[in-house]
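The structure's right below; bear with me while I get my questions together.
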There are 2 protein chains.
Amino acid sequence: MNNNDKISPAVIRRLPKYYRYLGELTKMGLNKTSSRELSEMTGFSASQIRQDLNNFGGFGQQGFGYDVENLRNEIARILGLDKKYKIIIIGAGNIGQAIANYTGFYEADYEVVALFDKNPKLIGMSMRNALIKDIDELEEFLNVENIDIAVICTPKSVSQQVAEQLVQCGIRAIWNFAPKDLKMPDYVHVENVHLNESLFSLTYYYNQMNKKKSE
Amino acid sequence: MNNNDKISPAVIRRLPKYYRYLGELTKMGLNKTSSRELSEMTGFSASQIRQDLNNFGGFGQQGFGYDVENLRNEIARILGLDKKYKIIIIGAGNIGQAIANYTGFYEADYEVVALFDKNPKLIGMSMRNALIKDIDELEEFLNVENIDIAVICTPKSVSQQVAEQLVQCGIRAIWNFAPKDLKMPDYVHVENVHLNESLFSLTYYYNQMNKKKSE
DNA sequence: TAGATTGTTAATCGATTAACAATC
DNA sequence: TAGATTGTTAATCGATTAACAATC
């Protein structure tokens, strides 16, 4: 268990997938699995799966495999899915509202406690249990509440400025949906969801396929 | 220009970023740039940028650099942003509606022509210029209209089945927002936006930082 | 025990970086 | 011309895969 070494981001991005497939195995009533079986499900090689898991410890049993529930719990613990997280969303437009209403976060205990916007038409509305507040109240709010994660769903023109304000108020984890790369100090982690970049690469591959077809 | 070699996905995923920063340079009124300047903006090494671009051709001028507008156009052409694309969205819930209303696709000519859902409360509503239709009309619709890209925003339980139906009707490019890996034939390209996986890795890094802080 | 599968080391592969000749 | 910066080859680095001893 070398918890102190830096784990490659590629490994971290595979963990949620293992976690998801282990959940499916549980649902199917299976309590034992192997790197070979996980390989078939995920498409990653069995060797890679064993390498990945052994970054965090030996969760398997030689000659036997892995206990599904145990391995799932271990991955949950590694990712931190065994804890509660309070989230705020900045920008209550299309994307902000969609995230607020998104039910796909059930795996862990994520709670959207508030949204912030500057549009008076939106302020005062509520999404699920979260109220849309005036962006001017953001700092005051952050001084009182203990927020773990901030989601940026503003237009890109203000995203950098909003991010800086968040960091000044103590936020250290940002989930960024604005199509812009935020310049942030090292102690802030930014996870980007760049929808346009995703769509552009899909477009590239779509055209590649059409090219091949017409050859 | 070795258009026929397979370009690494890592390269393709950087292209939209180059494209975006070149747009910013244009806005700033600059018409000349260099791999060094792009390196400072994007955070990728100058060497990598030159390598990436030279997968597609020599767009620069030795001793001078790159013409901003020309390079931007070339990347647009490589990605296919110089063409029009018709999109449909399957599932008109939170995410589906957000995508339909998303204005961040202005770079290229993407048009959402219809949404599909099975919820009678949603059917008949319209998002921007697109109508929400009954999912039962999907096949008929695809037989008549020429659709380039389908976006899956359904619950994960039906995503695989929906994807198969789309492929049967000729769809070859899928933008998948359902938290599930679609099993698809090779001639279909799937681009995944797995929001929960993204949030989970953010959670991991958030906890890592807290661990460091308390050491 | 024999068979199976992990944990882990070594080999391979691919992607990134460095270096530099070409040349504007 | 001299300085600058590309295009491209070679070197390095890191991640993936293969192999196999450990062991259940």
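The chains referred to below are lettered A, B, ... by the order of the sequence lines, with proteins before strands, and numbering in each begins at 1.
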Base-paired stems in DNA chain D, each at least three Watson-Crick or G-U pairs under 3.5 Å =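 Consecutive-pair runs (3 or more) involving DNA chain D: C:3-24 with D:3-24.
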
request  = Give a yes/no verdict on a cation-pi contact between A/Lys32 and A/Phe64, requiring under 6.0 Å between NZ or CZ and the six-membered ring centre and an angle within 45° of the axis.
outcome  =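 Judged by the rule (NZ or CZ under 6.0 Å from the ring centre, within 45° of its axis), A/Lys32 counts as positioned above A/Phe64.
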
request  = Any chance you could lay out the side chain to side chain donor-acceptor pair (under 3.5 Å) test for A/Asp148 and B/Tyr206, step after step, and finish with the verdict?
outcome  = CA-CA 8 Å; A/Asp148 299 289; B/Tyr206 174 61; 2.6 Å; yes

key: Donor-acceptor pair between B/Lys180 and B/Asn192 side chains, under 3.5 angstrom   =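 There is no such pair (donor and acceptor under 3.5 Å, judged by atom type) between the side chains of B/Lys180 and B/Asn192.
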
inquiry  = Check this for me, if you would: do B/Arg14 and B/Asp52 make a salt bridge, where the nitrogen-to-carboxylate-oxygen distance has to be below 4.0 angstrom?
reply    =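 Judged by the 4.0 Å cut-off on N to carboxylate O distance, B/Arg14 and B/Asp52 do form a salt bridge.
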
key: NZ/NE/NH1/NH2 to OD/OE distance under 4.0 Å, B/Lys17 and A/Asp181   =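 Between A/Asp181 and B/Lys17 there is a salt bridge, with a charged N closer than 4.0 Å to a carboxylate O.
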
query = For the residue pair A/Phe59 and A/Tyr66, is the inter-centroid distance of their aromatic rings smaller than 6.0 Å?
reply =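 A/Phe59 vs A/Tyr66: aromatic centres not under 6.0 Å.
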
message = Tell me whether the side-chain N/O atoms of A/Ser45 come closer than 4.0 Å to OP1 or OP2 in D/dT17.
response =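 Indeed, a polar side-chain atom of A/Ser45 lies that close.
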
Length of the CD-C1' vector between A/Gln48 and D/dG14, whole Å =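 Rounding to the nearest Å, CD of A/Gln48 and C1' of D/dG14 are 13 Å apart.
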
query = Is there a donor in the side chain of B/Gln168 and an acceptor in the side chain of B/Glu164, or the other way round, less than 3.5 Å apart?
reply =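 Distance-only check fails for B/Gln168 and B/Glu164.
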
note = Each nucleotide of nucleotides 1-9 of chain D classed B (base within 4.0 Å of a protein heavy atom), S (only sugar-phosphate) or -, in 5' to 3' order, makes ---BBBBBB

Euclidean distance, atom CG of residue B/Asn55 to atom C1' of C/dT16 [Å, nearest integer] =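 So the CG-C1' distance, B/Asn55 to C/dT16, works out to 12 Å.
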
request  = Answer yes or no: does atom NZ of B/Lys86 have more than 12 heavy-atom neighbours from other residues, nucleotides or ligands under 6.0 Å?
outcome  =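 No, not enclosed.
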
Nearest-angstrom distance from the residue atom NZ of A/Lys6 to P of D/dA15 =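 In whole Å, D/dA15 P lies 13 Å from A/Lys6 NZ.
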
ask   = Charged N to carboxylate O under 4.0 angstrom, B/Arg77 versus B/Glu74?
value =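 Salt bridge flag = yes for B/Glu74 with B/Arg77.
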
request  = Could you tell me whether B/Arg172 sits above the aromatic face of B/Tyr187, with NZ or CZ closer than 6.0 angstrom to the six-membered ring centre and within 45 degrees of the axis?
outcome  =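 That pair does not qualify as a cation-pi contact.
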
query = Under a 4.0 Å heavy-atom cut-off, which of residues 8-27 of chain A touch DNA chain C?
reply =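 Nucleic-acid contacts, sorted: none.
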
